[in-house]
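Ligands are counted one by one from 1 in listed order, and the atoms in each one are counted from 1 as well.
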Amino acid sequence: MNILVTGGAGYIGTHTCVELLNHGHDVVIVDNFVNSEKESIKRVEEITNKKIKFYEIDILNEKALDLVFKSNKIDAVIHFAGLKAVGESVEFPLKYYNNNITGSIVLFETMKKHNVKNIVFSSSATVYGMNNISPLTEDMPLSTTNPYGTTKMFIERILTDLYNSDNEWSIAILRYFNPIGAHPSGKIGENPKGIPNNLMPFITQVAVGKREKLSVFGNDYNTHDGTGVRDYIHVVDLAKGHLKALEYTMNTNKVEIVNLGTGKGYSVLDIIKAFEEGNNLSIPYEISERRPGDIATCFANTLKAKKILHWETKNTLLDMCKDSWRWQSNNPNGY
Ligand code: NAD
Ligand code: WQD
């Protein structure tokens, strides 16, 4: 199949493109490189020994997107393109609502116009908000604590309404938990601009000497060691989940929401320990204040993914720590 991947130059997009190409699909990437580098696409080509067609386009640009659909016979879309920094979204909500929501609407309109009605969408466990108790199931009530999360909740709703208006659509909405790790080649990985917001890239930047020490945000949560517990998922497992979701959309005409996680929770201190032991390194850290908006515990119920996508994760926490470090140590300054 010929798959249009929006945001395909980014962290999860590149790993998914590798899996798509390795499974014989063709890939067309649309990305404006606001949070990525063209080099990442070259690296995917190196890993797979295949060529990728890419367009440097903003998904808000209706005319340019229309031309992509006119020039390529697209079978399905995997929609990663979006801004994802939680703190920045609080500061610049309109930027987030415009880029993520309006951008998605432009994409869905263009798909509709060209009669492409299969889509896999990147949502987030952030839509479960602060009040649900883990393990989180897909039918729990949603709430959000920041504009980024609200964009995901709205886009989920828009896609559901779209399906309800026209059952020819086939839609998989994937709620990712905490993606970490990198392709085992060490050629592609997470490449945050500026100071990392997320735990694992911060740890790898401390390990490589770019940052002095890690701040652990709070050790007085109601968890086994007081630090926050999350469901960390290897990005390659996550990427493979997209292939299963794509297959699912090709064989059904439904809208389904599915968690992609491991179902296991690890604390910040568990992650530091696993990273240190797995890579024979020491990570200096200090305990600091809780980060506003953080919850104690968040992990997935994974039954639906197993049942309808026939997918589950394979990589261990050790794999995630080793692969994250291989990427960072091979590429101390990113791409
Ligand atoms: P990323 O920033 O690495 O990738 C997103 C890509 O989209 C980037 O290459 C960026 O340049 C591109 N992009 C952004 N706005 C665009 C626009 N208007 N037009 C064209 N391209 C645009 O992020 P990622 O970690 O790969 O995340 C991919 C998706 O998954 C995002 O939608 C994100 O919100 C979602 N998600 C990520 C996580 C996570 O922790 N990484 C968790 C849950 C959900
Ligand atoms: C994990 C744990 C922190 C950094 C975020 C988004 C979510 C989703 C995934 C997109 C927490 C602690 C972190 C640090 C720390 N993204 N931590 N020191 O917050 O679970 O989820 O990324 O959809 O929407 O909110 O991930 O990696 O930021 O934090 O102690 O320097 O690590 O408090 O317990 P989070 P994270």
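Taken from CD1 in Ile295 to OG1 in Thr223, the straight-line distance is 12.0 Å, to the nearest 0.5 Å. If you take CD1 on Ile47 and OG1 on Thr14, they are separated by 8.0 Å, rounding to the nearest 0.5 Å.
Scanning both residues, Tyr248 and Ile308, for their nearest heavy atoms gives CD1-O, 3.5 Å. Across every non-hydrogen atom of Tyr163 and Asn253, the tightest pair is OH-O, 2.6 Å.
Between Tyr335 and Trp327, the ring planes are tilted. Angles from 30° to 60° get that label. Relative ring orientation between Tyr96 and Tyr148 is described as perpendicular, the plane-to-plane angle rising above 60° on a 0-90° scale split at 30° and 60°. Between Phe33 and Phe54, the two ring planes are perpendicular [angle over 60°; tilted spans 30° to 60°].
At least one N or O atom of Leu199 sits closer than 3.5 Å to an N or O atom of ligand 2. In terms of polar-atom proximity, Tyr176 is not counted as a contact of ligand 1, lacking any N or O under 3.5 Å from an N or O of the ligand. Here's the thing with Ala9: none of its N/O atoms is less than 3.5 angstrom from an N/O atom of ligand 1. Among the atoms of Phe80, some N or O lies under 3.5 angstrom from an N or O of ligand 1.
Nearest-heavy-atom check against atom 10 (C) of ligand 2 across Tyr148, Tyr176, Phe202 picks out Tyr148. Closest heavy-atom approach to atom 20 (C) of ligand 1 within the set Asn178, Thr16, Asn32, Ile29: this belongs to Asn32.
Within ligand 1, counting atoms from 1 as listed, the ones closer than 4.0 Å to a heavy atom of Tyr148 are 33 (C), 34 (O), 35 (C), 36 (N), 44 (C). Set against the non-hydrogen atoms of Val216, the atoms of ligand 2 under 4.0 Å away are 30 (O). Listed by atom number, the atoms of ligand 1 under 4.0 Å from Val34 heavy atoms are 10 (C), 11 (O), 13 (N), 14 (C), 15 (N). Set against the non-hydrogen atoms of Ser122, the atoms of ligand 1 under 4.0 Å away are 29 (C), 30 (O), 32 (O), 35 (C). Atoms of ligand 2 found under 4.0 Å from any heavy atom of Val86, numbered from 1 in the order shown, are 6 (C), 25 (O). When each atom of ligand 2 is checked for a heavy atom of Asn178 under 4.0 Å away, the hits are 20 (O), 21 (O), 26 (O), 35 (P).
Using a 4.0 Å cutoff on heavy atoms, Leu60 does not count as a contact of ligand 1. Using a 4.0 angstrom heavy-atom cutoff, Tyr128 does not count as in contact with ligand 2. Residue contact annotation: Lys152 has a non-hydrogen atom under 4.0 Å from ligand 1. Using a 4.0 angstrom heavy-atom cutoff, Pro179 counts as in contact with ligand 1. Within the 4.0 Å heavy-atom cutoff, Lys84 does not count among the residues contacting ligand 2.
Closest to atom 2 (C) of ligand 2, if we only count protein heavy atoms, is Tyr232 OH, 3.5 Å. The protein heavy atom nearest to atom 19 (N) of ligand 1 is Ile59 N, 3.0 Å. At the top of the distance list for atom 2 (O) of ligand 1, counting protein heavy atoms only, stands Asn35 ND2, 2.7 Å. Scanning the protein for heavy atoms near atom 17 (N) of ligand 2, the closest one is Phe217 CD1, 3.6 Å. Protein heavy atom closest to atom 12 (C) of ligand 1, with residue, atom name and distance, is Asp31 OD1, 3.3 Å.
When the side chains of ILVMFWY residues are joined at heavy-atom separations under 4.5 Å, either directly or via intervening members, Leu60 and Phe80 end up in two distinct hydrophobic clusters. Trp169 is not connected to Met250 by any chain of hydrophobic side-chain contacts under 4.5 Å among Ile, Leu, Val, Met, Phe, Trp and Tyr, and they are in different clusters.
If you look at Tyr285 next to ligand 2, there are no close heavy atoms at all, none under 4.0 Å. With a 4.0 Å cut-off on non-hydrogen atoms, Ile12 touches ligand 1 through its backbone as well as its side chain. With a heavy-atom cut-off of 4.0 Å, Glu190 does not touch ligand 1 at all. In Ile57, the part holding a heavy atom less than 4.0 Å from any atom of ligand 1 is the backbone. By the criterion of a heavy-atom distance under 4.0 Å, the backbone of Ser215, and not its side chain, is placed next to ligand 2. Only backbone heavy atoms of Ser123 (N, CA, C or O) come within less than 4.0 Å of ligand 1; its side chain stays farther off. For Val229, no heavy-atom contact with ligand 2 is shorter than 4.0 Å. When non-hydrogen atoms are compared, ligand 1 lies under 4.0 Å from the backbone of Phe33 (N, CA, C, O) but not from its side chain. At a heavy-atom distance under 4.0 Å, atoms from both the backbone and the side chain of Asn198 approach ligand 2. Counting heavy atoms under 4.0 Å from ligand 2, residue Asp294 touches it through the side chain alone.
Of the options Arg175, Lys152, Glu156, a side chain to side chain donor-acceptor pair (under 3.5 Å) to Ser123 is made by Glu156 and by none of the others.
Comment: Lys117 engages Glu168 in a salt bridge, judged by a side-chain N to carboxylate O separation of less than 4.0 angstrom.
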From CA spacing to verdict: side chain to side chain donor-acceptor pair (under 3.5 Å), Asn72, Tyr55: CA-CA 12 Å; Asn72 298 276; Tyr55 294 86; 2.9 Å; yes
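Checked by atom type and distance alone, the side chain of Asp323 never pairs as donor or acceptor with a backbone atom of His183 at under 3.5 Å.
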